[in-house]
Amino acid sequence: MNKNIDQRSADNIRALAVAMVEKANSGHPGGPMGGADFMHILYSEFFNYDPSDMTWPFRDRFFMDAGHLSTLMYAQYYLLGNYAKEDVANFRQWGSITPGHPEVDVARGIENTSGPLGQGHTMGVGAAIAAKFLKARFGDWMNHKVYGFISDGGVQEEISQGAGRIAGHLGLNNFIMFFDSNDIQLSTSTDEVTSEDTAKKYEAWGWKVVTIDGHNHDEIRQALNDANNETEKPTLIIGKTIMGKGAVAADGSMFEGYCELHGQPIGHTGADYEKTLLNLGASVESPFDIYDDVSAFYKNLISEKTAQAAKKKATINAWRNENKALADKLDFFLSGKLPELDFESIEHKAGLATRAASSNVLAYLADNVENMIVSSADLSNSDKTDGFLKKSSALQKGDFSGSFLQAGVAELTMSCIANGIALHGGIIPVVATFFVFSDYMKPAIRLSGIQELGVKYVWTHDAFRVGEDGPTHQPVEQEAQIRLLEKLKNHSGKPSFLALRPADSAETSVAWKMALENNATPTGLILSRQGIKDIPAQGQSRYHEALEATKGGYLVKKVDNPDVVLIANGSEVSTLIDAAQILEEKENLKVSIASIISEGVFRQQSKAYQESVIPKNKPLYGLTAGLPVNLEGLVGENGKVFGLEHFGYSAPAKVLDDKFGFTGEKVAKNVLEYINETVSVKQ
């Protein structure tokens with residue numbers, strides 16, 4: 001222990017954070033100045049990783065919640081050799097690898113994309129669950145820790161309740177979180193918005209809580225020692241810190257603890273930029289330099305960390321040699337590959353709701369995919385994820401041998417946890433709730449897309465046919481919102497989301513196949529509450545025909561030179577089949593029907609294939625239980641979409657079908673009117 005070098009290192013982090021924000025003329029310097037002491041002690045004395053192998057699966061992980069404190073991370077990792085001087089000097093600039101809020105970059109130590117407060121630490125809880133899950137299967141040697149860093153704002157975000165409750169309930173003693181408690185927010189002091197006792201709140205959730213001076217290195221050290229030795233509970237370290245620690249005014253007086261230091265360069269506040277750099281021991285001419293003594297200390301530290309990791313790897317290799325079958329299984333889990341799966345073998349009774357068909361698939365997956373965690377927001381017997389649960393058991397404190405997370409009523413928390421599980425690696429996360437409650441999940445869905453995570457979202461009760469529960473539970477606009485993400489590209493240039501609404505049981509099996517094979521982006525399965533008539537097979541195998549859905553869309557009914565092509569997805573496809581029968585028998589029309597499970601995937605096919613399914617020179621009619629915009633891009637300006645343009649009502653599903661015009665007879669009448677209008681326009 002060298003108190004001088006510890007202080008110098010923390011001050012170097014402070015100076016770098018100040019310089020980054022000042023040069024960018026944008027950012028948040030005050031918080032990083034307060035958190036620098038904790039970061040230095042954590043990374044120099046406690047954090048276990050391999051500097052020569054940053055993606056080592058068995059490393060400790062650090063999840064930043066307060067993404068606006070990105071300079072704290074960049075400065076720390078710069079000292080550790082993960083960034084170059086020009087990287088930190090180009091903070092927040094085009095093309096730099098130091099964006100304003102951290103974005104996943106495991107090779108440089110960034111484990112998660114953070115920004116919206118509350119989600120970062122919740123993803124950390126997910127990573128801790130993943131680590132516990134794997135430890136239960138492969139041994140106590142898998143004892144890496146997950147550290148979180150949260151601010152006053154993150155503690156206030158409602159999601160902190162869900163994360164705190166679940167982490168405490170599950171006894172995640174491998175999760176250690178530092179609360180940078182400086183009593184200052186962006187626009188106010190915390191006493192203007194809250195008077196709660198944060199320590200008692202977390203203790204009530206089952207956490208170990210300790211309050212320390214966040215600038216006292218001995219207290220930080222003791223708190224981290226105790227947290228690492230804790231065997232029953234997650235730990236919250238409340239570090240009382242000072243916003244803008246080390247800031248100096250032009251007259252040389254200290255200028256610390258002010259709200260204005262939070263979200264702007266300190267040169268725009270009552271502090272003086274140059275005087276502050278000098279106070280912290282930095283060079284005004286070269287503010288991005290690492291101090292000589294700090295540089296020497298960290299070079300030695302990197303060598304020590306590499307040597308420690310080598311010892312750990314030797315222990316793991318000894319385990320591997322003694323447990324070859326388990327080691328092979330672990331490698332397979334971490335590879336992200338799937339076992340051989342036979343979706344065709346999954347049996348479905350006739351006329352199932354697609355949520356029930358999904359339950360059959362989940363039961364099959366429970367027997368065949370060992371590294372899957374399924375979670376439900378207190379709806380497992382209704383969203384039918386209990387098909388998986390019946391073959392497994394719920395995760396619980398002291399026993400992570402199961403594979404099902406009962407999240408309780410906490411859709412956003414559950415989804416963020418799934419993102420954390422995916423970020424940890426080795427496990428496939430699945431989360432489920434009613435489709436209308438996807439509204440509660442949107443922030444996490446968005447971060448799934450940005451981070452390119454293969455989370456599987458299962459949404460049931462997909463339309464107004466929820467029935468008697470009424471408009472609050474009947475999704476109308478949700479499909480349009482989700483499908484927008486199929487049109488939004490991620491940074492890899494691919495659609496940021498895969499949305500699948502299968503038309504029957506066979507398509508549900510195929511949808512699950514697509515979801516599992518899509519490990520680079522999140523997937524949503526949109527499933528019905530009510531039973532659906534199976535699509536008639538054109539040949540010997542309905543499943544083989546449904547495999548065409550992997551192209552995003554295909555013809556479930558095909559005729560030569562059709563008079564009209566009907567287009568839908570989900571349960572409306574069976575309604576179109578009823579309508580087509582009426583049009584053919586009573587009106588002598590030739591009708592083709594397209595099932596478009598995913599417009600996003602369909603648009604990736606060749607123009608020739610798209611034209612073969614939806615010919616532009618034919619009348620095109622779309623039917624959707626959601627907003628008409630769901631299908632307007634497919635039918636074009638000359639086509640017609642019949643959809644729902646109002647909230648639902650409380651009544652039995654069949655009554656609503658009739659009242660809203662979603663019966664075979666009423667759709668057939670509507671199609672005929674459209675065709676007659678089209679003919680009259682041409683004449």
Side-chain angles (χ1 to χ4, degrees), residues 13 16-17 20-21 24 27-28 31-32 35-36 38-40 42-43 46-128 130-131 144-151 154 175-178 180 298 302 305 416 419-425 444 446-453 490-492 520:
I13 292 171
L16 288 165
M20 279 188 261
V21 174
H28 303 258
F38 175 79
M39 286 293 277
H40 165 69
L42 172 65
Y43 274 90
F46 293 89
F47 204 80
N48 296 311
Y49 77 109
D50 184 354
S52 68
D53 182 11
M54 291 297 295
T55 61
W56 182 37
F58 312 117
R59 67 190 181 276
D60 287 347
R61 287 160 171 80
F62 179 85
F63 279 76
M64 174 58 82
D65 190 280
H68 58 284
L69 306 188
S70 58
T71 56
L72 178 60
M73 302 176 74
Y74 301 147
Q76 178 66 74
Y77 298 155
Y78 173 34
L79 300 188
L80 289 165
N82 293 357
Y83 289 96
K85 181 191 287 190
E86 56 266 28
D87 296 328
V88 294
N90 286 314
F91 172 60
R92 288 191 168 215
Q93 304 309 302
W94 175 262
S96 77
I97 55 174
T98 49
H101 289 78
E103 298 174 19
V104 171
D105 188 351
V106 176
R108 294 183 177 85
I110 310 295
E111 297 284 355
N112 65 296
T113 295
S114 57
L117 295 178
Q119 291 197 60
H121 83 289
T122 309
M123 287 186 273
V125 170
H144 53 279
K145 300 289 185 180
V146 179
Y147 294 91
F149 190 109
I150 197 167
S151 64
F175 186 63
I176 301 166
M177 183 161 68
F178 181 76
D180 182 42
Y298 268 91
I302 291 167
K305 294 287 186 185
C416 285
N419 284 341
I421 290 171
L423 286 166
H424 181 280
R446 189 168 189 268
L447 280 192
S448 294
I450 289 175
Q451 296 177 102
E452 303 180 20
L453 302 177
N490 58 32
H491 285 172
S492 294

Could you tell me the separation between the [atom1] atom of [X] and the [atom2] atom of [Y], rounded to the nearest 0.5 Å?
X	Y	atom1	atom2	result
Y78	M20	OH	CE	9.0 Å
L80	M73	CG	CE	11.5 Å
M39	I13	CE	CD1	7.0 Å
L16	F91	CG	CZ	12.0 Å
L447	E452	CG	CD	12.5 Å
H491	I450	NE2	CD1	7.5 Å

Set out, in order, the CA-CA distance, both residues' side-chain angles and the distance that settles side-chain contact (heavy atoms from CB on, under 4.5 Å) for F149 and L72, then state yes or no.
CA-CA 11 Å; F149 190 109; L72 178 60; 3.8 Å; yes

Using modelled atom types and a 3.5 Å cut-off, is there a donor and acceptor pairing between side-chain atoms of [X] and backbone atoms of [Y]?
X	Y	result
N112	M64	yes
R61	H424	yes
Y147	F178	no
Q119	L117	no
S151	A66	no
D65	G118	yes
S96	D87	no
N419	L453	no
D60	K145	yes

Using every non-hydrogen atom in the two residues, find where [X] and [Y] come nearest and quote the distance to one decimal.
X	Y	answer
G31	L69	CA-CD2, 3.7 Å
I302	G81	CD1-N, 4.4 Å
H101	S114	CB-O, 3.2 Å
F175	A128	CB-CB, 4.0 Å
P32	T71	CG-OG1, 3.2 Å
S492	N490	N-OD1, 2.9 Å

Is there a side-chain contact between [X] and [Y] (heavy atoms, below 4.5 Å)?
X	Y	result
Y74	I110	yes
D180	F38	no
L79	Y43	no
V106	E111	yes
Q76	H40	yes

Please state whether the rings of F47 and F62 are parallel, tilted or perpendicular, taking 30° and 60° as the class boundaries.
perpendicular

side-chain contact (heavy atoms from CB on, under 4.5 Å), that's the test. Do F63 and M123 meet it? Break it down for me.
CA-CA 7 Å; F63 279 76; M123 287 186 273; 3.9 Å; yes

Would you say R92 has more than 12 foreign heavy atoms packed within less than 6.0 Å of its CZ?
yes

